[in-house]
Amino acid sequence: MTIEIGNIALRERVSQFLADDPGKLLIGGAWVEASSGERFSTIDPATGAVIAHVARAREADADKAVSAARTALISPAWAKMTPAARSALLWRIADVMQEHLEDLAELETLDQGKNLRTSLFGEVPAAISQFRYYAGWPTKITGETIPTSLSRTPPGKEVFAYTRREPVGVVAAVVPWNSPLIMTAMKLAPALAAGCTIVLKPAENTPLTALYLGRLLQEAGVPDGVVNILTGYGTEAGQALADHRGVDKLAFTGSTAVGKRLVSSAAGSLKRLTLELGGKSPSIIMPDADLPAAIEGVSRGIFDNGGQVCVASARIYAHRDVYQDVVDGMAAAGDKLRLGHGLDSAADLGPLVSRAQAERVSDFISEGRVEGATVVTGGTLSGPADTFFSPTVLTDVRADMRLMREEIFGPVAVVTPFDDLDEVVGWANDSDYGLAASVWTEGLSNGHRVASALEAGTVWVNCHSFLGPELPKGGHKESGWGYENGAQGLENYLETKTVVMVI
Ligand code: NAP
Ligand code: MG
C-alpha cells in the first residue's frame, strides 16, 4: 500500500508502518496502549495534517517501563551477554538501520519537517554512525588493578585491589524534536555499549522515528526490556521518569529552562544527570578569513534545519572590513533557499517543527523591530499551516536585546561589526550559554588564540557544526553538564566499583 502526502507517494514500508497503527508504547518487548488508553496526534508541520495518533504515556506507564528495564538489566539475556556479543549487536542495529535508511529519513522529514536531503545524507547516517562507533567499545571497557600501601594488612597477607566498570543501570533518555533520531542514537548507543537498559521518551512533536527504530531494535535482536519507548508529554511521561527512584541516570537533551528543573528532580534519588542544553553560538569572522567559505559556513550554520540546531551560528561578529560583505552574502544565501515541504525535492528548507515554534520565532522578530533591529532579509511566516519561516538576517541588534541573548531556534542570524579582537572575544563570551563557537581566519595564531579564549564546549576554526561520534560534545556554562560522544560519552553510562581483597 502507499499513502500520499499532497501528490508525493510515501515509501512502501513507511506507508505500511503508518497503516499498522504505529502509536503504541514499547514496554518489556511488547507494544501496548498507554494505561489510560489516551492518545495524542503527531502532525506534519508543513501542512498541519495529522500523521498518526500516538499513545500518551503517564506516570503509570513510566512505572511499568522502568520496571521492565530493571528486570532486563539483570536478565541473563542482557547481563550475561558477552562484550563481543554486545558489540556485534550494536553493529547489527546499525546494519538494520542502514537497510531502512530511506524509510527512517522519510519518516523523520514527515514528522519533523526538515528537508529530505538533510535526513537522508546528514541525520540518519549520523545516527547510524553512533551505533557503529560505540560498537567498538564494549570489548574495551576495563577496570584496573591498584597496588596499595595499607597498614592494616595482616602479617603474611597481601591486599589485592581492583576496579570494575559496571553499567550505571536503568537510564531514562529524554530527547528534543530538532534532530530526533540523532539525539536518540547519541543516548542509546553508548548506554547499550555500557550494558545499561533504557527508557526513551521522544519529543511529543516527533515520536515517529523512535517508534520505527523500536521495531528495528527488535529485528536486530535487542533483548526484551533493554530498550523501552514511552511517547508522551514532557510534563507527564518525561517528568515521571525524571522523578522516578528506579531510574539510575537521566540523560537529557533539550532547553536550558527544562534542564534546570530536572536538576531538582534528579536530586530526589541523586540519580546521575547529564544535560545537553541550549546555545547562542557566536561566530567570529576575521578580516583575513576565506570570505566565501566563511559566509557559506555561517549561513549553513544558522539556516540549516531552519536554525533548529543547538549549535547554530546565531551571533555573527564580522570584522568591519568585511562586515558589509558578510551581511550581503548571508542575505543572498538566505534568499536563495527555496521553502517547501521537506519531501518536495525542489525545496531546500522545510517548515519549523510546529506552529507554536513558528510563532515564537516570529515574536522575537516583532519585538526586535520595535527595539530598533534592522531586518535585512526574511522575517516572514508563510505556508498552509503558517510554519515556514524565511531565512532572516538582522543588524543593529544591541547586546542587551533578547535577540542577542536568547536562543531563538529559528533561521535568524544577528550580524554585528567589530574592530578589535579582544573586544569581540569579550562580546562572544558575554552569554549565559557556552555550547559552541566558530572563528574564521587564515591566521594560525589567531585561530588558536581565539579557540583558547572562547567559553564554549566546542570551537570550530574555519568550519561550523562539524560533529561526529568520536568528538566530545557538551556545554560550558548554562549549556549543560557533561559530554556526549567519544570515550567521555561512554563514561556517562558507567560506574566504578572498587574491590579490595585480603589474600
Ligand atoms: P524541551 O522543551 O526542553 O524538551 C526536550 C525534551 O524534554 C522533550 O522530550 C520534552 O517533552 C521533555 N520535557 C519537557 N518538559 C519536561 C519535564 N518537565 N520533565 C521531563 N522532560 C520534559 O526542548 P525542545 O524545545 O524539545 O528542544 C529544543 C531545545 O533543545 C533547544 O534549547 C536546543 O538548544 C536544545 N538542544 C540541545 C542540544 C545539545 O546537544 N546541547 C541538542 C539539540 C537540542 P515534550 O516534547 O513533550 O515537550
Ligand atoms: Mg510532527
Side-chain angles (χ1 to χ4, degrees), residues 40 42-43 54-59 62 111-112 114 123 126 130 172-187 199-208 210 229-244 247 250-266 268 271 273-281 305-314 352-354 356-358 360-361 406-410 431-436 456-458 465 467 469 471-485 489 492:
F40 65 98
T42 185
I43 62 168
V54 171
R56 178 173 170 179
R58 293 171 183 264
E59 197 177 334
D111 206 10
Q112 203 279 344
K114 64 184 75 236
E123 302 208 352
Q130 286 284 332
V174 177
V175 299
W177 44 256
N178 59 326
S179 295
L181 196 64
I182 296 183
M183 298 299 145
T184 296
M186 282 173 76
K187 296 187 169 30
V199 182
L200 169 69
K201 208 297 278 175
E204 71 192 58
N205 282 323
T206 54
L208 293 179
I229 303 175
L230 293 185
T231 48
Y233 298 150
T235 46
E236 298 172 357
Q239 190 66 58
L241 290 171
D243 290 337
H244 208 291
V247 169
L250 175 60
F252 174 79
T253 299
S255 61
T256 292
V258 174
K260 286 182 179 177
R261 277 210 291 280
L262 296 182
V263 172
S264 32
S265 304
K271 57 174 64 69
L273 177 64
T274 39
L275 300 171
E276 293 287 330
L277 308 177
K280 186 78 179 175
S281 299
N305 205 26
Q308 301 163 117
V309 176
C310 54
V311 296
S313 45
L352 298 183
V353 73
S354 64
Q357 181 63 11
R360 197 178 155 266
V361 176
E406 292 184 20
E407 183 176 49
I408 299 174
F409 233 51
S431 173
D432 292 336
Y433 292 117
L435 190 57
T458 300
S465 294
L467 301 157
L471 299 170
K473 173 177 181 297
H476 293 189
K477 306 202 282 189
E478 294 187 22
S479 289
W481 280 354
Y483 296 85
E484 293 194 302
N485 290 343
N492 295 331

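Positions are given from 1 along the sequence. Start at 1 and go down the list; that is how both ligands and their atoms are numbered.
Inspection of the Glu123 and Ser179 side chains reveals an N or O donor paired with an N or O acceptor under 3.5 Å. Under 3.5 Å, the side chains of Ser431 and Lys477 contain no donor-acceptor pair of N or O atoms. Between the side chains of Gln239 and Ser265, at least one donor N or O lies within less than 3.5 Å of an accepting N or O.
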Could you give me the CA-CA distance, side-chain angles and deciding distance for Val247 and Val199, then say whether side-chain contact (heavy atoms from CB on, under 4.5 Å) is met?
-> CA-CA 9 Å; Val247 169; Val199 182; 5.9 Å; no
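Nearest heavy atoms, Thr458 versus Pro472: OG1-O, 4.1 Å.
Applying the salt bridge (charged side-chain N to carboxylate O under 4.0 Å, His left out) test to residues at least two apart or on different chains, the pairs with a partner in residues 252-266 are Lys260-Glu478.
For a heavy-atom separation below 4.0 Å, the residues in contact with ligand 1 are Val174, Val175, Pro176, Trp177, Asn178, Met183, Lys201, Pro202, Ala203, Glu204, Gly232, Tyr233, Gly234, Gly238, Gln239, Phe252, Thr253, Gly254, Ser255, Val258, Leu262, Glu276, Leu277, Gly278, Cys310, Glu407, Phe409, Leu435, Lys473.
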